[in-house]
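Since the structure comes first, as structure tokens, the remarks are kept for the end.
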Amino acid sequence: MTFATLGLIEPLLRSLEKLGYQTPTPVQAQAIPAVLAGRDLMAAAQTGTGKTAGFALPLLQLLAMEGPKVTANSVRALILVPTRELAEQVHEAVRQYAENLPLRTYAVYGGVSINPQMMKLRSGVDLLVATPGRLLDLFRQNALKFNQLQTLVLDEADRMLDLGFSEELANIYRALPKKRQTLLFSATFSDDIRLLAGQMLNDPLTIEVSPRNVAANTVKQWVVTVDKKRKPELFVHLMRKGKWKQVLVFAKTRNGVDALVEKLQGLGINADGIHGDKPQATRQRALDRFKASEVQILVATDVAARGLDIEDLPLVVNFDLPIVAEDYIHRIGRTGRAGSTGEAISLVCADEVNLLSAIEMLTRQTLKRQNEPDFEPEHRVPDTDASGQVIKKPKKPKKPKASGGGGKRNLGKWVDSGEVAPAEPSVKPVRKVPVFNTGPRKRKP
Ligand code: AMP
């Protein structure tokens, strides 16, 4: 199969030839003809599957071939994405595909001045990539009109809900013409996403190019167990031992990112960090330098977990496991993209056993453990398996403490706080891991 047999026009075929795309990926093979035929889509596609071209190519073709010329402050196709980095990346891909077409494309997102964006929108754009918050700001300030809108794309829809954008999406949805084509892309499908799809899509074609919630099988995944306080030391040890060249590292919190970057830089290691507290320009610069291999280690919160396409990234390290198991899939999806192989290593301490178990249950696999000599944890990480069980071995009797301790651990709201580890393992040696909470959560990193 070729892109020509999918019905793409010559100016697009020329762009693809220049980019070296020879064969459509499975998501492209299914999405392109359907979008060209005007269908709504509900597509489950992992990152790295080529989904951007899957929606952008037919969308550009429809814009070039059909519909009226764009008028002032109007937009004919809208691609909503969860993060600023993704907006830049998707727009860059669109720009390359549209090189030979007479279409105006643009990207808007928060964290930068709104005025240049308002100026640019004055003459109208055919295709706009946007984050939800800034799009609404522009709409409310009358810099944008949706009366010409013919297609809406929701990219990384699950992430948009995770980041707390459901209200913004509802407001945008109310402002759009009812008659339009809608394409929804999501790496994972929670019940909330299905609800959103039910409201927004009209008789959609469902595309699923990978089994639900299974991480890319091109990524070799393993776990090293370690005591929490020794994680930085283990990271540096593994880095030197494995002669790591380019690594994307995920930490749980903004402070965690800053602390690790500081520690690595203190050792003379070329590291930088990105998280939600940093200005957009600083974030983008760190990412660009990492992509250009000018930075060796990029440490990030989950703001960087979705959609970012870093060519040939060989390795992702989870310095901390994510609180939400689905984020694991997105994190490791940064490597092993477009058919190449990758590796994902998670440094796991005893506190994180429930998070590990939730990931194994979601991805339906027991992650291989590999102990590192000299780093075996004093606080053992109980065995886990893909059934979602944490297998507790009987504990040695503890010496009584003078005071304190014994409090319930706070592992985030998804933990069923009704269940507490038994005081006496002999009474109840196996504890079921709580059910993953799919509800919307607050905007985080
Ligand atoms: P995406 O999943 O859309 O982020 O795409 C992942 C990567 O695959 C990007 O670097 C694309 O440029 C690349 N890509 C997409 N489609 C193809 C194709 N048909 N052939 C080769 N590379 C592709």
Side-chain angles (χ1 to χ4, degrees), residues 1-9 12-36 41 43-61 77 79-99 105 107 127 129 153-160 183-188 207-211 214-219 246 248 287-288 290-293 303-314 316 329-342:
M1 189 194 302
T2 63
F3 284 104
T5 56
L6 294 179
L8 290 182
I9 51 176
L12 289 170
L13 296 177
R14 264 192 289 141
S15 306
L16 295 179
E17 202 179 321
K18 189 169 161 194
L19 289 168
Y21 292 13
Q22 284 168 353
T23 317
T25 65
V27 70
Q28 291 162 1
Q30 293 180 67
I32 291 171
V35 178
L36 288 177
L41 275 193
Q46 285 172 267
T47 51
T49 54
K51 67 185 166 71
T52 314
F55 61 75
L57 291 168
L59 202 58
L60 289 166
Q61 177 154 332
I79 302 174
L80 285 177
V81 294
T83 64
R84 305 153 187 183
E85 283 83 1
L86 198 53
E88 276 293 341
Q89 184 180 296
V90 169
H91 183 239
E92 179 54 25
V94 163
R95 226 185 35 73
Q96 290 176 337
Y97 303 144
E99 200 179 59
T105 67
L127 185 151
V129 185
V153 181
L154 296 162
D155 191 16
E156 309 265 358
D158 46 350
R159 184 60 167 174
M160 284 198 267
L183 318 175
L184 186 147
F185 285 78
S186 190
T188 47
I207 294 180
E208 196 156 358
V209 292
S210 56
V214 174
N217 55 15
T218 50
V219 182
Q246 195 193 22
L248 180 60
L287 187 63
D288 289 345
F290 183 65
K291 285 185 178 182
S293 302
V303 79
R306 294 281 179 115
L308 299 182
D309 180 32
I310 299 160
E311 222 171 297
D312 296 329
L313 179 66
V316 166
I329 297 175
H330 301 293
R331 288 177 174 194
I332 72 162
R334 304 304 96 226
T335 178
R337 287 164 78 72
S340 63
T341 53

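We use all heavy atoms of the structure for the numbers below, so side chains are in, but hydrogens, waters and symmetry mates are not. In each ligand, atom 1 is the first atom listed, and ligand 1 is the first ligand listed.
- Looking at K51, Q96, Q89, Q28, it is Q28 that brings a heavy atom closest to atom 15 (C) of ligand 1.
- Of the possible polar contacts, none joining the Q61 side chain to the L12 backbone as a donor-acceptor pair under 3.5 Å is found.
- The aromatic rings of Y21 and F3 sit tilted, their planes meeting at an angle between 30° and 60°.
- Under the 4.5 Å side-chain criterion, counting only non-hydrogen atoms from C-beta, T52 is not in contact with F185.
- Atoms of ligand 1 lying under 4.0 Å from any heavy atom of T49, numbered from 1 in the order shown and given with element: 2 (O).
- Annotation: Y21 places an N or O atom under 3.5 Å from an N or O atom of ligand 1; distance criterion only.
- Looking only at side-chain heavy atoms (C-beta outward), Q96 and E92 come within less than 4.5 Å of each other.
- Under 4.0 angstrom from ligand 1, there are no non-hydrogen atoms of L19.
- Only side-chain heavy atoms of F3 come within less than 4.0 Å of ligand 1; its backbone N, CA, C and O stay farther off.
- One finds the CD atom of Q28 at 10.5 Å from the CE atom of M1 (value rounded to the nearest 0.5 Å).
- Here's the thing with T23: one of its N/O atoms is less than 3.5 angstrom from an N/O atom of ligand 1.
- In this structure, the separation between CG on L313 and CD on Q246 is 5.5 Å, given to the nearest 0.5 Å.
- Where the criterion is an N or O separation shorter than 3.5 Å, residue side chain and backbone included, T52 meets it with respect to ligand 1.
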